[in-house]
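First comes the structure, then the notes that go with it.
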Amino acid sequence: MSYPTQTPPFDAKRQAEKVTVWRRATILLTLLALMILLNAAQWAWVSSVLFVLAIVTISMTIARLAPLKPPVFSYILYSCMILFCVLLAFSSAVTALFSGVSGEYAQCTQQATTIARAQQCSTDMENSLMDALTGK
């Protein structure tokens with residue numbers, strides 16, 4: 001059996017193109033998930049799934065970026081993006097769990113005309129959250 005004596009040449013240009021594709025996918029997923037979270041609370045579970053997919057694409061981008069030996073700043077940036085996506089995934093999961101309570105509170109505060117009524121809305125929201133947490 002003969003083994004190749006040379007390793008195949010590293011194609012940096014092709015690898016950089018792969019990194020660009022993964023980078024764009026990461027940014028698009030993150031922005032799409034953020035827009036869904038900010039504009040449609042009833043779709044917060046979709047946003048949570050998209051943030052998890054963004055975390056996966058960021059990890060893949062880092063894996064594709066490693067052979068190019070970029071500056072340390074690139075790794076710091078992608079680590080911050082992972083942290084950002086983890087926090088927003090958690091936030092969207094909480095929003096998905098308690099979307100009914102937050103919707104009722106928003107509607108109540110919009111209709112409140114006095115300070116006492118706004119405080120009553122806060123009390124009602126606290127009670128609704130406790131009921132949701134305890135399963136009542």
Side-chain angles (χ1 to χ4, degrees):
M1 240 195 273
S2 67
Y3 293 104
T5 56
Q6 295 180 350
T7 59
F10 178 70
D11 190 5
K13 185 176 180 181
R14 186 165 181 232
Q15 190 69 19
E17 289 173 2
K18 288 180 182 179
V19 168
T20 302
V21 169
W22 281 100
R23 184 181 298 142
R24 288 178 183 164
T26 298
I27 292 170
L28 287 175
L29 273 172
T30 305
L31 289 177
L32 180 63
L34 189 59
M35 294 304 292
I36 290 172
L37 179 61
L38 294 176
N39 294 321
Q42 66 272 18
W43 291 92
W45 61 273
V46 174
S47 180
S48 184
V49 169
L50 288 176
F51 278 123
V52 170
L53 284 175
I55 292 168
V56 170
T57 58
I58 292 168
S59 302
M60 292 299 294
T61 303
I62 292 172
R64 303 273 181 186
L65 191 66
L68 296 176
K69 296 183 176 42
V72 175
F73 176 74
S74 297
Y75 293 112
I76 294 171
L77 178 68
Y78 283 118
S79 299
C80 289
M81 285 180 67
I82 287 175
L83 180 64
F84 177 73
C85 286
V86 165
L87 293 175
L88 286 175
F90 179 71
S91 172
S92 60
V94 169
T95 301
L97 289 173
F98 302 114
S99 63
V101 175
S102 61
E104 291 170 9
Y105 177 72
Q107 187 177 21
C108 183
T109 54
Q110 286 176 353
Q111 295 173 353
T113 55
T114 63
I115 294 173
R117 179 67 183 129
Q119 289 173 344
Q120 181 63 38
C121 291
S122 297
T123 304
D124 291 345
M125 183 192 69
E126 290 172 8
N127 293 336
S128 296
L129 280 174
M130 288 306 294
D131 290 344
L133 287 172
T134 58
K136 292 182 182 177

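Because only heavy atoms are used, hydrogens play no part in the values below, and waters and symmetry mates are left out as well, while side chains stay in.
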So, Ser91 side chain and Leu87 main chain: donor-acceptor pair closer than 3.5 Å or not?
no
Mind checking side-chain contact (heavy atoms from CB on, under 4.5 Å) for Leu31 and listing every partner two or more places apart, or none if nothing turns up?
Ile27
From Asn127 atom CG to Asp131 atom CG, the distance as rounded to the nearest 0.5 Å:
6.5 Å
Of all heavy-atom pairs linking Ala66 and Pro70, the shortest is O-CD, 4.4 Å
If every non-hydrogen atom of Leu65 is compared with every non-hydrogen atom of Ser74, which pair is closest and at what distance?
CD2-CB, 4.0 Å
Do Met125 and Val94 belong together in a cluster built from hydrophobic side chains that touch within less than 4.5 Å?
yes
On a heavy-atom basis, which atom in Lys18 and which in Arg64 lie closest, and how many Å separate them?
CD-NH1, 3.9 Å
Atom CD1 of Ile58 and atom CG of Leu77: how far apart are they, to the nearest 0.5 Å?
9.0 Å
Evaluate whether atom CD1 of Ile115 has more than 12 neighbouring non-hydrogen atoms of other residues, nucleotides or ligands under 6.0 angstrom away.
no
Group every Ile, Leu, Val, Met, Phe, Trp and Tyr by side-chain heavy-atom contacts under 4.5 Å, then state whether Trp45 and Leu50 land in the same group.
yes
Any chain of hydrophobic side-chain contacts (each under 4.5 Å) joining Trp43 to Leu97?
no
Taking atom CZ as the centre, does Phe90 end up with more than 12 heavy-atom neighbours from other residues, nucleotides or ligands that are less than 6.0 angstrom away?
no
Would you call Gln107 and Cys121 a side-chain contact if the rule is heavy atoms closer than 4.5 Å?
no
Taking every heavy atom of Ser48 against every heavy atom of Ala89, the minimum-distance pair comes out as OG-O, 3.5 Å
Just verifying a value: how many Å separate Ser47 OG and Leu37 CG, rounded to the nearest 0.5 Å?
4.5 Å
Do any N or O atoms from the side chain of Thr123 and from the backbone of Gln119 form a donor-acceptor pair under 3.5 angstrom?
yes
Mind jotting down which residue pairs meet the side-chain hydrogen bond (donor to acceptor under 3.5 Å, both in side chains) criterion with at least one end in residues 22-38? Sequence neighbours excluded, please.
Arg23-Tyr78, Thr26-Thr57, Thr26-Thr61
Which pair of heavy atoms, one from Ala44 and one from Ser92, lies closest together, and at what distance?
CB-O, 3.4 Å
Cluster question for you: counting only ILVMFWY and a side-chain heavy-atom cut-off of under 4.5 Å, with indirect links fine, are Leu88 and Leu29 together?
no
Provide the closest heavy-atom pair for Phe51 versus Cys85 in the form atom of the first, atom of the second, distance.
CB-O, 3.9 Å
Kindly work out whether a path of hydrophobic side-chain contacts (I/L/V/M/F/W/Y, heavy atoms less than 4.5 Å apart) joins Val86 to Val52.
no
